[in-house]
Amino acid sequence: MNLTTIIAEADVLVPNDMTVAEKVAFLNTINVDFFNQVKIPIIERFETTLAATYEITGLVKDQDIDYVRIGFLQYQKVGSSQLKSNEYVANDGEVILSPAPYAAGLPATIRYYRCATTTFTETSLTDTPDAPSEYHWTYVPALCVKLAQAMDDMPKAANYEEEYRTAWQAAAQDFGGVG
């Protein structure tokens with residue numbers, strides 16, 4: 001389901017006088033909100049070298065990572081414990097370990113959560129949301145909430161909000177995250 005379809009369906013459900021640019025701005029917010037509510041884990045496994053820095057797939061921020069294990073040692077986020085050993089920091093698709101692994105060839109596991117990576121524009125209406133395709137339909141009621149609020153129709157906004165929030169809570173449970 002692309003943005004044109006999402007906007008068209010929302011316009012039928014909530015007649016409005018909003019511009020396409022305003023609707024696209026709402027969709028950008030919704031796209032980010034989806035991943036704040038629905039934690040979709042990604043696990044990367046690799047073998048270490050003696051380096052301290054490792055590239056990971058995608059644009060991953062420090063707050064998106066919740067598990068780093070090298071060999072038998074679990075690393076903690078920098079500043080998350082008073083103990084200052086085995087820490088990591090992540091930034092722009094890299095994880096930096098301190099200290100570096102003590103041996104090459106150790107099994108490494110990093111778990112992080114997907115985040116929205118697309119910023120929609122008025123010229124990208126054929127784009128699809130970053131969420132898995134089975135949840136694209138939820139962007140329609142989410143956009144309806146924003147449109148109804150802008151049109152000062154709070155009862156309608158509340159109905160649509162319950163619809164998409166319920167779907168997002170189910171998605172969060174399906175992916176094992178906390179919503």
Side-chain angles (χ1 to χ4, degrees), residues 1-44 55-68 77-80 88-95 110-179:
M1 180 177 273
N2 65 28
L3 300 187
T4 301
T5 305
I6 293 168
I7 290 170
E9 288 186 21
D11 283 344
V12 169
L13 296 170
V14 182
N16 63 84
D17 57 1
M18 307 289 292
T19 66
V20 171
E22 291 168 317
K23 294 171 191 172
V24 168
F26 287 151
L27 286 168
N28 279 317
T29 301
I30 292 164
N31 202 37
V32 170
D33 286 348
F34 178 86
F35 290 100
N36 288 336
Q37 294 288 315
V38 181
K39 303 296 185 189
I40 302 173
I42 297 173
I43 297 174
E44 288 202 25
E55 287 190 27
I56 51 179
T57 308
L59 182 63
V60 179
K61 298 179 190 100
D62 197 44
Q63 70 265 17
D64 298 327
I65 296 176
D66 76 336
Y67 182 81
V68 175
K77 190 174 297 203
V78 168
S80 67
Y88 74 88
V89 64
N91 183 344
D92 295 330
E94 287 185 337
V95 173
I110 298 176
R111 180 177 61 205
Y112 58 93
Y113 296 100
R114 279 186 55 186
C115 59
T117 57
T118 305
T119 301
F120 306 123
T121 65
E122 284 182 82
T123 60
S124 65
L125 297 178
T126 57
D127 286 355
T128 58
D130 290 330
S133 60
E134 62 266 31
Y135 298 104
H136 288 179
W137 70 269
T138 64
Y139 283 56
V140 174
L143 181 56
C144 286
V145 169
K146 303 284 189 190
L147 296 174
Q149 288 171 341
M151 303 308 290
D152 233 5
D153 190 346
M154 296 311 161
K156 189 177 275 191
N159 287 337
Y160 288 117
E161 184 162 22
E162 184 177 338
E163 183 179 351
Y164 86 85
R165 291 265 182 219
T166 300
W168 286 6
Q169 286 173 347
Q173 290 174 350
D174 289 346
F175 286 107
V178 284

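Residue numbers start at 1 and run along the sequence shown. It should be emphasised that the depicted structure is a prediction, and the values quoted were computed from it without experimental measurement.
The structure places NZ of K23 at 10.0 Å from CG of L27, a figure rounded to the nearest 0.5 Å. For the atom pair CD of Q37 and OG1 of T138, the computed distance is 11.0 Å after rounding to the nearest 0.5 Å. A distance of 6.0 Å separates CD1 of I30 from NZ of K146, quoted to the nearest 0.5 Å.
Checked by atom type and distance alone, the side chain of H136 pairs as donor or acceptor with a backbone atom of P129 at under 3.5 Å. Under the 3.5 Å distance criterion, the side-chain polar atoms of N28 are matched with a main-chain donor or acceptor of F120. Although no hydrogens or angles enter the test, the distance criterion places no donor-acceptor pair under 3.5 Å between the side chain of N31 and the main chain of T29. No side-chain donor-acceptor contact under 3.5 Å links T5 to the backbone of M1. R165 places no side-chain N or O within 3.5 Å of a backbone atom of A142 that could act as its donor or acceptor partner. Side chain of D130 to backbone of T118: a donor-acceptor contact under 3.5 angstrom is found. Distance alone, capped at 3.5 Å, is enough to place a donor-acceptor pair between the T4 side chain and the L125 backbone.
No donor-acceptor contact under 3.5 angstrom links the side chains of N2 and D127, judged on distance only.
Using a 30° and 60° split on the angle between ring planes, F34 and Y135 fall in the tilted class, from 30° to 60°.
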**Message:** Could you go through F175 and K39, starting from their C-alpha distance and side-chain angles, then the distance that decides it, and tell me whether this counts as side-chain contact (heavy atoms from CB on, under 4.5 Å)?
**Reply:** CA-CA 7 Å; F175 286 107; K39 303 296 185 189; over 6 Å; no

**Request:** Go through the steps for L143 and Y160 under the test side-chain contact (heavy atoms from CB on, under 4.5 Å), then give the verdict.
**Result:** CA-CA 9 Å; L143 181 56; Y160 288 117; over 6 Å; no

**Request:** For side-chain contact (heavy atoms from CB on, under 4.5 Å), just list the numbers for I42 and Y113, CA-CA rounded to whole Å, side-chain angles, deciding distance to a tenth of an Å, and then say yes or no.
**Result:** CA-CA 6 Å; I42 297 173; Y113 296 100; over 6 Å; no

**Message:** The test is side-chain contact (heavy atoms from CB on, under 4.5 Å); show your working for M18 and F26 and say whether it passes.
**Reply:** CA-CA 11 Å; M18 307 289 292; F26 287 151; 3.5 Å; yes

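Of all the heavy atoms in L3 and S124, the pair that sits closest is CD1-O, 3.6 Å. Of all the heavy atoms in I65 and Y112, the pair that sits closest is CG1-CB, 3.7 Å. Nearest heavy atom pair, residue M151 against residue D17, reads SD-OD1, 3.6 Å. Here the closest non-hydrogen pair linking W137 and E163 is CZ3-OE2, 3.7 Å. V14 approaches K156 most closely through the heavy-atom pair CG2-CD, 3.8 Å. Across all their heavy atoms, L147 and A10 have their closest contact at CD1-CB, 3.9 Å.
Within the 4.5 Å cutoff, no side-chain heavy atoms of Q149 are placed close to those of C144. You'll find the side chain of T128 stays beyond 4.5 Å of the side chain of S133, heavy atoms only. Looking only at side-chain heavy atoms (C-beta outward), V140 and Y164 stay at 4.5 Å or farther from each other.
Listed by chain and number, the residues in a side chain to side chain donor-acceptor pair (under 3.5 Å) with E22 are T19 (sequence neighbours excluded).
Ion pairing between K77 and D66 fails under the 4.0 Å rule for side-chain N and carboxylate O.
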